[in-house]
Every structure is written in structure tokens, then in C-alpha cells.
K.L.:
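Starting off with a structure, shown below.
Numbering of ligands and ligand atoms starts at 1, following listing order. Values in this document were obtained by computation on a predicted structure and should not be read as measured data.
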Amino acid sequence: MTYKGRFAPSPSGPLHFGSLIAALGSYFQAKSQLGQWLVRIEDLDPPREMPGCAKLILKTLEEYHLEWDGDILYQSKRHDIYQEKIDSWLNSGQAYYCECTRKQIKAQGGFYKGICRDKKLTNSQGCAVRLHTPEPVYQFNDIKHGELTINPALAKEDFIIKRRDGLFAYNLAVVLDDLEQGITEVVRGADLIEPTGRQISLYKLLKKTPVSYLHLPLALGNDGQKLSKQNHAKGIQNDNKKVLLIDAMKFLGFHIEPDMYNARMDEIISWGVKNWSISMLPKSTGSIPLFSNRSL
Ligand code: GLU
């Protein structure tokens, strides 16, 4: 089977250093196996999106010589597919409407305990749609880290596939789209370890073989904060690209000699593909300071 990997940014902000690490890790892992590397724009949440951001992310990927294969998939164009699946589960009783608010769930101990499962609510107004999780997944195998365990209370929850505000949930879209794009392996940040259990339970429900997973450690900025859009990590479109590229590659465990700074960006990327190895990745499944793994 041909390897197919992907990078799936949400256009809620420009590409930042943390997402450059995910882009590079997934690219090197795909290309070192002569596989394909696809890009999907996860534009599921318009209120959190920045106008023009998807274009900016794609332009930045091009500037880093990260060339994707095939067409880009936009989640905003797949609403009918998501809704069709939700309707079929509502009809079969696998999914149900839930009127619980976040506040109510917090008052019940922070985890949803299936309160609306038997209420047979029919009015979708102001309700979320939850999936009755048939086979909770409590652990999974990560290519780098081996068996990873998921908080059992979280794994057991009937999770949301459509939000109260009418937006489709990330876990549903990500699985349907990875299937649509024929992805064989997902390489992404360790912040997505917890939802992996839910995603694997969706594959089981759909009677499909789950992708394999590799989670990359997250970089902590100088202020000790995770580099993410939520923490307003700075966009990298205006920075010195070569320096950032080399910093990101060092974070991923590459040993890089000083003369690499004399190479062109495309040469550095090709060198990365040739020299990529999962064994050199930092062992952490959490966040580590940017330069703790520095080889120079
Ligand atoms: N869209 C998600 C993000 O930008 C990544 C989803 C994934 O890789 O599964 O954090």
C-alpha cells in the first residue's frame, strides 16, 4: 500500500512555528517512504477563522518548499457528506440530540454521562448531536511512543459530532476526510493524542481500518507556553525562513552542521527527507522547550 500522509491546518491564524514542526514532520515521514503528502484545510469553524488565512498558509508552505500532492481538500465543502453521516446515525439510533450545556456537564463532574441518551429529543434547535460510543478506545499504538493511554472517563463519553451552534465537530470531519483522502498515517502534534481514541472508535463504527499514528512533541516558547494559535503564537511568514527551518529540524532531532546555513532551502528539505528517522525524535509526548534537543 502506498504511504499517504497529510498536513491538516485550521485557518484560524497564519502558520506558526508549532505548525511548521507538524508540517515538516509529516512531510519528512511521507517523503522518506516515497509516499504522498496531502494538504487539507480544516475550515470547519468560520467564527474562529481569519480571512485570507488559508491562502497565506499555503503560500508559506510553498515558500518552505513543502510541495503537496494532489488537490487540496477544504472541509467547508464537505458539509453534505458530514450531515448525511450524522442523519444516518440519528436514524439508526446510534446518534442522538443532547441539550446539556457545558455548565451542566461541568456540574456533573466534567464528563458527559449519557444523560440525554434515552430522552429521545427530536428538536435539533440548540442541541448538539452525540454519538453513542459503541466501543470506547482506551489506548492505541503510536509509532514512536508505543502504547498510549487515554483518560478512561473521556474515552467512554458519548462525544459530540455536531455542535450546539450547528458546526460539525473536528473528530467526525477528520476521520471522514482521512478516509476520503485515503490517508494511511497521521503525523501531528501531541496535543491531539486524547482525541485519537474517539477517532479510532469512529473507524471501528464505520468498519474501516484506522490509520497509524505518530505524535510529535510540542514546542514550548521562551515564555514556557505551548506554541499554538490559542496562545497567539506568532505567524512565521515574515521571519528568516532558513533559520526557522533549521530550528524546527533541530527540534525534530536532526543533527545539523553549521554549514547547512549555506545551503538553499530546497536542498535543506531534500537533505531532511534523506536523513529523517523516527528514532531521533524526542521521546516526549508532551511539551518540551524549543532548544532542549539542540544538537549544536
Ligand atoms: N486541524 C488541526 C489543527 O490545526 C489538526 C488536525 C489533525 O492533524 O488531525 O490543529
K.L.:
Phe7 vs Tyr27, test: ring pair (Phe, Tyr, Trp, His ring centres under 6.0 Å). Steps then yes/no.
P.N.:
CA-CA 8 Å; Phe7 176 56; Tyr27 182 88; over 10 Å; no

K.L.:
For ligand 1, which atoms, with element, lie under 4.0 Å from some heavy atom of Arg6?
P.N.:
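Those qualifying, in numeric order: 7 (C), 8 (O), 9 (O).
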
K.L.:
Just distances here: any N/O of Ala8 and N/O of ligand 1 closer than 3.5 Å?
P.N.:
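Yes - when backbone and side-chain N and O of Ala8 are compared with those of ligand 1, one distance drops under 3.5 Å.
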
K.L.:
Check contact between Phe7 and ligand 1, using heavy atoms of the residue and a distance below 4.0 angstrom.
P.N.:
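No.
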
K.L.:
Take the angle between the ring planes of Trp276 and Phe28 and call it parallel below 30°, perpendicular above 60°, tilted in between.
P.N.:
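Tilted.
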
K.L.:
Do side-chain atoms of Arg188 reach the backbone of Ala22 as a donor and acceptor pair under 3.5 angstrom?
P.N.:
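Between the backbone of Ala22 and the side chain of Arg188 there is no qualifying donor-acceptor contact (under 3.5 Å).
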
K.L.:
Between Gln36 and Lys31, is there a side-chain donor-acceptor contact under 3.5 Å, judged purely by atom types and distance?
P.N.:
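Distance-only check fails for Lys31 and Gln36.
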
K.L.:
Using non-hydrogen atoms of the residue, decide whether Gln199 is closer than 4.0 angstrom to ligand 1.
P.N.:
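Gln199: no contact with ligand 1 (<4.0 Å).
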
K.L.:
His132 vs Tyr96 aromatic rings, parallel, tilted or perpendicular, using cut-offs 30° and 60°?
P.N.:
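Perpendicular: the ring planes of His132 and Tyr96 meet at over 60°.
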
K.L.:
Counting each atom of ligand 1 from 1 as listed, which ones have a heavy atom of Val174 under 4.0 Å away?
P.N.:
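Per the distance check, 9 (O).
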
K.L.:
Which ligand 1 atoms, with their elements, are less than 4.0 angstrom from a heavy-atom of Ser10?
P.N.:
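In order of numbering, the contacting atoms are 1 (N), 2 (C), 3 (C), 4 (O).
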
K.L.:
Heavy-atom pairs closer than 4.0 Å: do any link ligand 1 to the side chain of Leu192, the backbone, both, or neither?
P.N.:
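Side chain only.
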
K.L.:
Looking only at non-hydrogen atoms, which of Arg188, Glu42, His215 approaches atom 6 (C) of ligand 1 most closely?
P.N.:
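That would be Glu42.
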
K.L.:
With heavy-atom distances below 4.5 Å as the criterion, would you say the side chains of Tyr203 and Val211 are in contact?
P.N.:
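Heavy-atom side-chain distance check passes, below 4.5 Å.
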
